[in-house]
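Note sheet for the following structure.
Reckoned from all heavy atoms, side chains included, excluding hydrogens, waters and symmetry mates.
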2 protein chains.
Amino acid sequence: MNIPMKPELEQILLSRKIQPTAMRLLVLEELSRVNMAVSLNELEASFDKADRVTLYRSLKTFRKHKLVHSIEDGSGSLKYALCEEDCECKPEELHAHFHCNKCNATFCLKDYHLPVSGLPRRFVLEEMNLVLKGLCDACSA
Amino acid sequence: MNIPMKPELEQILLSRKIQPTAMRLLVLEELSRVNMAVSLNELEASFDKADRVTLYRSLKTFRKHKLVHSIEDGSGSLKYALCEEDCECKPEELHAHFHCNKCNATFCLKDYHLPVSGLPRRFVLEEMNLVLKGLCDACSA
DNA sequence: TGTACTTTGCAACCCGGTTGCAGTTCTTGT
DNA sequence: ACAAGAACTGCAACCGGGTTGCAAAGTACA
């Protein structure tokens with residue numbers, strides 16, 4: 001009873017050592033499709049019959065295996081976006097995100113780079129979370 | 001840090017057009033004392049008998065009048081810190097924060113300013129939230 | 001002092017995130 | 001192919017931060 005699977009998606013999961021179940025393939029497909037950071041709720045809404053907890057655990061697994069990164073954009077819910085292919089989620093690899101205060105969308109600003117220097121002595125940097133907020137192009141008209 | 005005395009605290013509130021009630025004076029005093037970004041829970045814990053909602057509303061009022069700014073440090077709860085004297089919370093005035101993954105403390109990095117350029121066309125910047133995470137000086141030993 | 005407005009405290013609610021557990025599906029060794 | 005064990009899924013329920021409604025207490029001011 002093999003469900004027809006998109007081989008390329010399956011390959012992505014396998015390359016991250018994630019067991020490619022039907023649910024996970026659907027989640028990965030949806031994340032690729034929207035090309036944006038989405039919350040658990042938004043993800044749930046894009047499926048007809050998906051259990052919230054299963055989606056939650058899928059994302060958790062993805063994050064653990066560095067297939068997605070999570071962003072706290074201040075909307076009240078964590079959002080998730082696909083990592084670049086070779087991403088290991090180190091500080092130098094992190095990029096900024098833009099959160100639209102009107103439509104609540106969150107974009108990855110892959111070209112917005114951050115200064116990683118200027119920390120006080122003996123502070124050790126492990127991660128960063130930069131969110132710019134305002135109006136996106138569609139909402140600023 | 002220099003902790004202002006009662007009359008000065010009252011003056012601070014008045015200058016921000018906030019009615020100086022007993023509760024608000026206590027909250028402001030505590031915020032000055034700790035000199036750090038604190039969550040609602042932490043604030044509540046530093047008083048013997050204080051209603052959570054009252055503290056919440058005090059902070060909300062403070063924020064509305066730009067006496068405090070709030071930071072989403074990813075700890076799961078919003079944190080609040082006193083603004084500089086003439087702060088109007090515009091993007092150019094915002095500074096970064098450092099969140100310690102070990103002791104959960106959050107510091108204002110008042111000298112760490114952010115580039116406000118590099119946004120895609122027609123994106124309008126209103127606020128920013130930059131949190132560096134890692135180990136603070138006390139925890140990195 | 002009386003009246004209108006503001007603040008406070010309590011209870012209760014909402015919602016995102018999370019866990020426990022039982023049933024199902026998948027992997028692995030034979 | 002099959003059984004045993006591991007991993008995954010779905011449901012219910014819990015947790016904790018944030019928030020609101022409302023009545024009581026406090027405050028401003030004529």
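Phosphate proximity of D:dC8 to A:Ser58: absent, as no side-chain N or O sits under 4.0 Å from OP1 or OP2. Listed pair A:Thr54 / D:dG10 meets the phosphate criterion, a side-chain N or O lying under 4.0 Å from OP1 or OP2. For the OP1/OP2 pair of D:dT20 and a distance below 4.0 Å, the side-chain nitrogens and oxygens of B:Lys60 include at least one atom meeting the criterion. The side chain of B:Tyr56 places an N or O atom within less than 4.0 Å of a non-bridging phosphate oxygen (OP1 or OP2) of D:dT19. Phosphate proximity of D:dG17 to B:Ser39: absent, as no side-chain N or O sits under 4.0 Å from OP1 or OP2. Residue A:Lys17 has no polar side-chain atom (N or O) positioned under 4.0 Å from OP1 or OP2 of D:dA7.
For A:Arg57 and A:Leu40, each mapped to the nucleotide of DNA chain C holding its nearest heavy atom, the one lying further toward the 5' end belongs to A:Leu40.
If you check every strand for non-hydrogen atoms under 4.0 Å, A:Lys79 touches nothing.
As rounded to whole Å, 15 Å separates atom P of D:dC15 from atom CG of B:Asn41.
At least one side-chain heavy atom of B:Leu28 sits under 4.5 Å from a side-chain heavy atom of B:Leu67.
For A:Asp51, whose side chain is taken as the heavy atoms from C-beta onward, the closest listed nucleotide among C:dT18, C:dC10, D:dC11 is D:dC11.
Where the helix from C:dT1-D:dA30 to C:dT30-D:dA1 starts and where it ends, the local axes point in directions that differ by 30°; five pairs per end, rounded to 10°.
Using cut-offs of 30° and 60° on the angle between ring planes, the pair A:His69 and A:His97 is tilted.
The aromatic ring centroids of A:Tyr80 and A:Phe62 lie 6.0 Å or more from each other.
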